[in-house]
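Within every chain, numbering begins at 1; the chains are lettered A, B, ... in the order of the sequence lines, protein sequences first and strands thereafter.
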Amino acid sequence: MLTLTYLRERRESVISALAKRGLDATESVDRVLALDVERRVIQKELDDTLAESNTLSRQIGGLMREGKREEAEAVKTATSGLKTRSGELKEKMSALENEVHDLLSHLPNTPNDLVVAGNSDKDNELIESWGELPDLGNHKKPHWDIAKEKDLIDFDLGAKVTGAGFPFYKGKGAKLQRGLIRMFLDKADEAGYTEYIPPLMINEDSGFGTGQLPDKEGQMYHMKVDDLYMIPTAEVPLTNIYRNTLLNASDLPIKLCGYTPCFRREAGSYGKDVRGLNRLHQFDKVEIVQIQHPDKSAETLESMVDHVKGLLEELELPYRVLRLCAGDMGFTAAITYDFEVWSAAQEMWLEVSSVSGFETFQANRLKCRFKDAEGKNQLVHTLNGSALALPRIVAALLENHQDADGVKIPQALVPYLGFDRI
RNA sequence: GGAGGUGUGGCAGAGUGGUCGAAUGCACCGGUCUUGAAAACCGACGUACCGCAAGGUACCGGGGGUUCGAAUCCCUCCACCUCCGCCA
């Protein structure tokens with residue numbers, strides 16, 4: 001959520017930054033600013049009314065102590081008008097505050113200066129490519145065929161027990177999942193991230209904190225009986241650890257990681273996008289999160305991007321890095337680098353990681369601040385990235401490393417599996 | 001799930017209707033003293049909003065209520081503790 005102060009001071013630049021997303025925010029922004037002016041007028045009046053009322057109350061207290069009951073009663077009657085007045089003003093205040101909050105919480109983050117304008121993935125910038133696209137010759141099976149032949153993943157069984165998009169992993173397929181998770185966690189650990197095993201359900205406040213609510217309400221599974229949401233990513237519980245906290249500058253950076261299953265309703269998806277492992281309702285992911293000093297957030301983003309590159313290179317998967325254009329970024333992001341790996345049989349790029357900087361957007365929702373060098377409280381910057389999401393990695397591993405009679409496991413992964421071929 | 005209890009500033013802990021945003025101790029920060037440190041002493045020491053400022057307002061788990069006035073009384077929700085029940 002953008003801060004009111006920022007909006008007040010930088011009206012033009014907020015509007016032009018949001019225009020890069022293809023959003024004309026002029027009306028909302030001006031409405032917020034107008035309501036804010038109104039709010040301050042009301043607040044002044046309310047504060048004055050309450051101040052007067054407090055003064056009279058103290059007088060009554062004094063008179064009561066001195067036993068001057070009648071005088072006290074007289075002052076009491078004088079306060080009744082103030083009371084109704086402050087009641088009205090309070091109501092107006094909270095109505096104004098609610099409307100401002102509502103408008104603000106529906107405005108997406110302003111894109112970073114590095115981010116280009118654009119409406120769709122066509123406008124994303126290719127930043128870097130790594131690895132050679134494999135020539136599979138006549139062994140070119142899509143991963144769902146390999147998974148079936150080798151009995152690694154059972155989609156039908158998942159559909160029977162739960163529904164489409166909830167596969168079972170079996171035998172070497174299950175071991176592959178476990179091995180990848182361990183490898184990713186070990187790498188995060190080596191890079192200084194503290195591992196957490198977070199809750200898989202979160203409450204409404206947490207959903208708001210990282211920006212899933214109210215914007216992406218329909219994307220999460222909602223347990224209505226207990227009013228809890230299944231996490232769509234470990235980002236939510238991990239980042240919300242620091243909701244409503246005041247940190248010291250020396251606490252920064254805070255580096256967290258965690259493996260969790262992730263749950264997404266993916267309403268409206270269809271066709272080849274959801275074939276096999278391409279898009280699931282439940283999938284496994286290792287997430288890295290950093291809470292950082294604003295001055296260091298750019299270099300931190302770089303380091304997180306480098307971390308993900310390292311993982312993909314160890315897995316010997318050709319990838320490319322895209323800097324998303326403003327219109328393709330998520331609601332909360334100021335800047336996002338997407339990683340895509342080549343799926344050699346499907347002959348398409350699959351998104352396997354998204355590394356984002358949120359600047360103060362989440363921090364403002366979370367109320368996560370730190371005491372800066374001057375002792376003033378300042379919002380932190382939050383960043384996160386997938387390192388990595390499993391299903392599409394598995395898809396690419398199976399497809400890219402296949403040969404005549406199976407799949408070769410990349411060297412770096414062998415110690416985690418105990419076998420080098422599937 | 002049932003019964004009872006607790007929830008105050010970074011921590012500990014007073015305060016049970018009226019100058020209480022809140023005693024006191026510890027911690028932290030600044031200073032005096034010291035070659036340096038410790039001790040001792042002095043001072044500062046929550047957050048948010050409004051205001052150029054002086055200052056004002058709100059906040060004692062969250063929300064609501066009673067009252068001229070609430071940390072203090074009432075309702076409700078949440079968290080934690082104890083006992084009972086159930087259970088991986």
Side-chain angles (χ1 to χ4, degrees), chain A residues 1-9 32-105 197-209 213 223-229 237 240-252 254 261 291 360 363-380:
Chain A
M1 187 159 75
L2 301 171
T3 66
L4 202 55
T5 330
Y6 187 73
L7 215 59
R8 255 189 240 155
E9 290 165 1
V32 168
L33 293 175
L35 289 167
D36 180 48
V37 169
E38 203 181 328
R39 192 201 100 243
R40 281 138 84 191
V41 172
I42 301 282
Q43 178 168 356
K44 180 83 180 93
E45 198 180 340
L46 174 60
D47 284 357
D48 290 347
T49 309
L50 288 174
E52 201 177 334
S53 178
N54 286 343
T55 311
L56 292 180
S57 286
R58 272 190 286 269
Q59 267 177 35
I60 293 169
L63 292 168
M64 294 293 250
R65 250 187 323 256
E66 292 163 32
K68 299 174 179 170
R69 279 199 67 111
E70 279 175 30
E71 285 179 50
E73 288 302 324
V75 181
K76 265 193 205 182
T77 53
T79 60
S80 71
L82 293 173
K83 206 191 174 190
T84 47
R85 183 71 189 133
S86 66
E88 290 163 11
L89 290 166
K90 268 182 201 166
E91 234 168 86
K92 259 194 218 176
M93 265 282 280
S94 67
L96 287 166
E97 279 170 349
N98 288 343
E99 196 177 346
V100 167
H101 183 83
D102 197 50
L103 284 164
L104 277 179
S105 65
I197 301 179
L200 303 182
M201 296 189 199
I202 47 115
N203 59 29
E204 191 183 343
D205 285 347
S206 295
F208 181 82
L213 296 175
M223 311 286 137
K224 291 203 173 61
V225 189
D226 296 298
D227 199 17
L228 296 171
Y229 296 85
N240 271 283
I241 292 171
Y242 291 93
R243 175 152 50 81
N244 289 329
T245 50
L246 182 54
L247 301 161
N248 293 311
S250 58
D251 296 331
L252 304 174
I254 290 165
I291 315 273
T360 60
N364 188 34
R365 291 175 158 242
L366 294 159
K367 297 287 168 266
C368 178
R369 295 156 304 162
F370 73 101
K371 270 203 189 305
D372 67 17
E374 283 97 60
K376 290 189 62 174
N377 296 338
Q378 230 190 100
L379 292 169
V380 298

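Atoms CG (Asn364(A)) and C1' (rA48(B)) sit 13 Å apart, rounded to a whole Å. One interatomic measurement links the two molecules: CG of Leu46(A) to C1' of rC50(B), which rounds to 10 Å at whole-angstrom precision. Rounded to an integer number of Å, the gap from Asn244(A) CG to rC59(B) C1' is 13 Å. Rounded to an integer number of Å, the gap from CG of Asp227(A) to P of rC77(B) is 15 Å. One atom, CD1 of Ile60(A), and another, C1' of rA70(B), lie 15 Å apart when rounded to the nearest Å. Taking atom CG on Leu50(A) and atom P on rC68(B), their separation rounds to 16 Å, with Å as the unit. Atom CZ in Phe370(A) sits about 20 Å away from atom P in rG46(B), given to the nearest Å. One atom, CD of Gln43(A), and another, P of rC59(B), lie 13 Å apart when rounded to the nearest Å.
When each of rC50(B), rC68(B), rU47(B) is scored by its nearest atom to the side-chain atoms of Thr79(A), the top-ranked nucleotide is rC68(B). Closest approach to the Asp47(A) side chain among rC68(B), rC50(B), rU57(B) is made by rU57(B) (side chain taken as heavy atoms from C-beta onward). Closest to the Ser57(A) side chain, of the nucleotides rC68(B), rU57(B), rA48(B), is rC68(B).
Base-pair partner of rG43(B): rC29(B) (Watson-Crick or G-U wobble, both distances under 3.5 Å). rG1(B) is paired with rC84(B) under the Watson-Crick or G-U wobble criterion, all donor-acceptor distances under 3.5 Å. Base pairing annotation: rU6(B) forms a Watson-Crick or G-U wobble pair with rA79(B), both donor-acceptor distances under 3.5 Å. The partner of rA71(B) is absent, by the rule that a Watson-Crick or G-U pair needs both atom distances under 3.5 Å.
The backbone N or O of Ser105(A) sits less than 3.5 Å from a side-chain atom of Arg365(A), completing a donor-acceptor pair. The main-chain N or O of Asn248(A) is found under 3.5 Å from a side-chain atom of Asp251(A) such that the two form a donor-acceptor pair. Formation of a donor-acceptor pair under 3.5 Å by the Asn98(A) side chain with backbone atoms of Ser94(A) is found in this model. Distance alone, capped at 3.5 Å, places no donor-acceptor pair between the Ser53(A) side chain and the Thr49(A) backbone. Distance alone, capped at 3.5 Å, places no donor-acceptor pair between the Asn203(A) side chain and the Leu228(A) backbone.
Nucleotides rG65(B) and rG17(B) place their C1' atoms 15 Å apart, quoted to the nearest Å. Across the C1' atoms, rU76(B) and rU24(B) are found 34 Å apart, a figure rounded to whole Å. A gap of 11 Å separates the C1' atoms of rA39(B) and rC33(B), to the nearest Å. Taking the P atoms as reference points, rA79(B) lies 46 Å from rG31(B), given to the whole Å. Separation of the P atoms belonging to rA3(B) and rA58(B) is 38 Å when rounded to the nearest angstrom. Taking the C1' atoms as reference points, rU6(B) lies 39 Å from rC42(B), given to the whole Å. When the C1' atom is compared between rC26(B) and rG63(B), the two are found 34 Å apart, to the nearest whole Å. Rounded to whole Å, the separation between the P atoms of rA70(B) and rG62(B) comes to 16 Å.
Not one side-chain nitrogen or oxygen of Arg58(A) sits closer than 4.0 Å to the OP1 or OP2 atom of rC68(B). Distances shown here put every side-chain N or O of Arg39(A) at or beyond 4.0 Å from the OP1 or OP2 atom of rC49(B). Contact check, Lys371(A) against rU47(B): a side-chain N or O comes under 4.0 Å of OP1 or OP2. For Arg369(A) and rG46(B), the shortest distance from a side-chain N or O to OP1 or OP2 is not below 4.0 Å. For rU57(B), one of the phosphate oxygens OP1 or OP2 lies less than 4.0 angstrom from a side-chain nitrogen or oxygen of Asn54(A).
The neighbour count for Glu73(A) CD, taken as heavy atoms of other residues, nucleotides or ligands under 6.0 Å away, is above 12.
The residue among Arg40(A) and Gly62(A) whose nearest nucleotide of RNA chain B lies closer to the 5′ end is Gly62(A). Along RNA chain B, the nucleotide nearest to Leu246(A) and the one nearest to Thr77(A) differ in position, and the one closer to the 5' end is contacted by Leu246(A).
Salt-bridge formation is detected for the pair Glu45(A)/Arg85(A): a Lys NZ or Arg NE/NH1/NH2 atom is positioned less than 4.0 Å from an Asp or Glu carboxylate oxygen.
No contact: Asp48(A) has no heavy atom under 4.0 Å from any strand.
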